[in-house]
Undergrad: 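First, the structure itself, so that you have it in front of you.
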There are 2 protein chains.
Amino acid sequence: MPGTSPDFAARLRAAGLRPTRQRVALARVLFEGGHRHVTAESLHGEVRATRIPVSLATVYNALNQFRDAGLLREVVVAPGKSYFDTNTGHHHHFFVETDGELHDFPSDKVTIAGLPAPPKGTRLSRVDVIVRVRR
Amino acid sequence: MPGTSPDFAARLRAAGLRPTRQRVALARVLFEGGHRHVTAESLHGEVRATRIPVSLATVYNALNQFRDAGLLREVVVAPGKSYFDTNTGHHHHFFVETDGELHDFPSDKVTIAGLPAPPKGTRLSRVDVIVRVRR
DNA sequence: TGCACCACTTAGAATTATTCTAAACTACTT
DNA sequence: AAGTAGTTTAGAATAATTCTAAGTGGTGCA
Ligand SMILES: [Mn+2]
Ligand SMILES: [Mn+2]
Ligand SMILES: [Zn+2]
Ligand SMILES: [Zn+2]
């Protein structure tokens, strides 16, 4: 049967992280549904609601580790506002400035042509497109 | 003779801002040369070096006012790192992640095609392209 | 199964970026 | 010159994030 509960502990081990109670709980909330955009604060709230004790410092630690391991990517949309994104594939974002919502859109229909060569001595890391909209 | 000292006071008045000692000094540093990318902190340091007393709070106030008046635009590149950009025309950025540098590149050679329609009930505000590179 | 070790978690303090408060000051109007 | 509203400022406050140092717990091995 497809969609059976994935083994989060194994996924964490594969990323070089011990599957602790806290990290497994965080991974479950992050990865068991569809793609998500969370903040440290919102994720902290969600995990605590599942009755797993976890501190905000641990949420920050885990988010940074998950990002470094390639399980998440970070999207900075405004000063002091960064989202962690469970969609690590190529895609871009709509940011609704008036209410802070972030929405994905696929990059396969989008063409970015004519980008100049990176400055001398640098290698391309990522291209971020944020389409800012307002209500 | 071209390039004679522009009237910063007049420019501020035109933007609906009183040309105070502090704002004129800030405007001079920002606008008298070519385009710049500054942080509140770096601008504060530069203006103080010209022997004009100014507090960091005033620098933040002025930067926000200049941005709201369309004299500057703000570019957020990383959590807690935002630049104010004296180039308000259409252009995009290289961000050198390894050393925090921000460089402009013109948008006229760049084509972004196939952007999906904005989410229901929203209007486009701006499209930001940040090309992240590393040394 | 029991330990030992070291990675991990945590409360709380610290740091950093930014904004706020309320009192003093100043550019502009009259 | 005086009045007034806009501006500046020191310092406190807030918000996001990181750090410290002490305790806890996975894991590999006896
Ligand atoms: Mn956050
Ligand atoms: Mn800054
Ligand atoms: Zn996304
Ligand atoms: Zn620029």
Side-chain angles (χ1 to χ4, degrees), chain A residues 7-29 37-45 47-48 50-69 71-72 74-85 100 102, chain B residues 7-29 37-45 47-48 50-69 71-72 74-85 100 102:
Chain A
D7 188 345
F8 294 110
R11 246 172 110 172
L12 290 170
R13 270 195 212 90
L17 298 168
R18 281 195 188 171
T20 62
R21 204 179 337 299
Q22 286 75 2
R23 294 208 273 227
V24 171
L26 289 163
R28 194 185 308 284
V29 169
H37 299 112
V38 303
T39 63
E41 202 66 59
S42 77
L43 179 61
H44 185 227
V47 171
R48 304 197 88 174
T50 70
R51 321 264 58 210
I52 311 283
V54 60
S55 74
L56 187 55
T58 296
V59 174
Y60 275 106
N61 289 339
L63 285 172
N64 290 334
Q65 291 154 352
F66 290 6
R67 178 202 54 213
D68 292 347
L71 302 172
L72 291 176
E74 188 170 4
V75 185
V76 185
V77 292
K81 184 108 199 158
S82 92
Y83 283 98
F84 287 86
D85 189 344
L102 195 64
Chain B
D7 189 346
F8 295 110
R11 250 173 106 170
L12 290 170
R13 270 196 211 89
L17 298 167
R18 281 193 188 173
T20 63
R21 207 182 333 302
Q22 286 73 6
R23 293 208 274 228
V24 171
L26 289 163
R28 194 185 307 284
V29 168
H37 299 111
V38 303
T39 64
E41 202 67 59
S42 76
L43 180 60
H44 185 226
V47 171
R48 305 198 87 175
T50 69
R51 322 263 58 209
I52 309 284
V54 59
S55 75
L56 187 55
T58 296
V59 174
Y60 274 106
N61 289 341
L63 286 172
N64 291 333
Q65 291 153 352
F66 291 6
R67 177 203 54 214
D68 293 347
L71 302 173
L72 291 176
E74 188 169 4
V75 185
V76 184
V77 292
K81 184 108 198 158
S82 91
Y83 283 98
F84 288 86
D85 190 346
L102 195 64

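Below, chain A is the first sequence line, B the second, and so on; all start at residue 1. Predicted model only: the values in this text are computed from it and were never measured.
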Undergrad: Could you check whether any side-chain N or O of A:Arg18 sits under 3.5 Å from a backbone N or O of A:Arg13, counting only pairs where one atom can act as donor and the other as acceptor?
TA: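 Checking the backbone N and O of A:Arg13 against the side chain of A:Arg18, no donor-acceptor pair under 3.5 Å is found.
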Undergrad: If I take atom NZ in residue B:Lys81 and atom C1' in nucleotide D:dA16, what distance separates them, rounded to the nearest angstrom?
TA: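 In whole Å, D:dA16 C1' lies 16 Å from B:Lys81 NZ.
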Undergrad: Which letters describe nucleotides 19-25 of chain D, given B = protein heavy atom under 4.0 Å from base, S = only from sugar-phosphate, - = neither?
TA: B-----B
Undergrad: Using a cut-off of less than 4.0 Å, is there contact between a side-chain N or O of A:Gln22 and OP1 or OP2 of C:dT10?
TA: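 Checking C:dT10 against A:Gln22, a side-chain N or O does come within under 4.0 Å of OP1 or OP2.
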Undergrad: Let me know the distance between CD of B:Gln65 and P of D:dT8, rounded to the nearest Å.
TA: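 Going from B:Gln65 (CD) to D:dT8 (P), I get 7 Å.
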Undergrad: To the nearest Å, how far apart are A:Glu41 CD and D:dT14 C1'?
TA: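 Answer to the nearest Å: 13 Å.
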Undergrad: Just so I know, are the side chains of B:Leu17 and B:Phe66 near enough to count as touching, which here means a heavy-atom distance under 4.5 Å?
TA: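 Of all side-chain heavy-atom pairs linking B:Phe66 with B:Leu17, at least one is under 4.5 Å.
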Undergrad: If only side-chain N and O atoms of B:Asn64 are considered, is one of them under 4.0 Å from the OP1 or OP2 phosphate oxygen of C:dT18?
TA: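 No, outside the criterion.
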Undergrad: Could you walk me through whether A:Glu74 and A:Ser82 pass side-chain hydrogen bond (donor to acceptor under 3.5 Å, both in side chains), step by step?
TA: CA-CA 7 Å; A:Glu74 188 170 4; A:Ser82 92; 2.9 Å; yes
Undergrad: Taking any heavy-atom pair under 4.0 Å as a contact, classify B:Thr20: base, sugar-phosphate, or nothing.
TA: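 Touches sugar-phosphate only.
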Undergrad: On the nucleotide D:dT9, are OP1 or OP2 found under 4.0 Å from the side-chain N or O atoms that B:Thr58 carries?
TA: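 Yes, within the criterion.
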Undergrad: Got a donor-acceptor contact below 3.5 angstrom from the A:His44 side chain to the A:Ala57 backbone?
TA: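 The answer is no, because no donor-acceptor pair under 3.5 Å joins these two groups.
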Undergrad: Name the residue closer to the 5' end of DNA chain D, choosing between B:Arg23 and B:Pro79 according to the nucleotide with the nearest heavy atom.
TA: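 So the residue in question is B:Arg23.
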Undergrad: Within the structure, does a side-chain N or O atom of A:Tyr60 lie under 4.0 Å from either OP1 or OP2 of D:dT18?
TA: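 No, because none of the side-chain N or O atoms of A:Tyr60 sits under 4.0 Å from OP1 or OP2 of D:dT18.
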Undergrad: Between P on D:dT7 and CG on B:Asp68, what's the gap in Å once rounded to a whole number?
TA: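 Rounded to whole Å, this separation is 13 Å.
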Undergrad: Given side chains that start at C-beta, do those of A:Leu72 and A:Asp85 come closer than 4.5 Å, heavy atoms only?
TA: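 A:Leu72 does not reach A:Asp85 side chain to side chain.
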Undergrad: Separation of B:Phe84 atom CZ from C:dA17 atom P, in whole Å?
TA: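 After rounding, the reported distance stands at 13 Å.
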Undergrad: Go nucleotide by nucleotide along DNA chain C from the 5' end; which of B:Glu74 and A:Val59 gets its closest nucleotide reached first?
TA: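 Nearest nucleotide further toward 5': that of A:Val59.
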Undergrad: Would you mind reading off the distance between A:Leu56 atom CG and D:dA16 atom P, rounded to a whole angstrom?
TA: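 Result: 10 Å.
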Undergrad: Quick check: closest heavy atoms across B:Leu71 and B:Ala15, and the distance to 0.1 Å?
TA: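 Here B:Leu71 and B:Ala15 meet closest at CD1-CB, 4.2 Å.
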Undergrad: Per the side chain to side chain contact (heavy atoms under 4.5 Å, CB included) rule, which among B:Leu43, B:Ile52, B:Thr50 passes with B:Leu26?
TA: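 Filter result, single survivor: B:Leu43.
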Undergrad: Measure CZ/A:Arg13 against P/C:dC8 and give the value in whole Å, please.
TA: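 Rounding to the nearest Å, CZ of A:Arg13 and P of C:dC8 are 12 Å apart.
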Undergrad: If I take atom CG in residue A:Leu63 and atom P in nucleotide C:dT9, what distance separates them, rounded to the nearest angstrom?
TA: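 Interatomic distance, CG of A:Leu63 to P of C:dT9: 12 Å.
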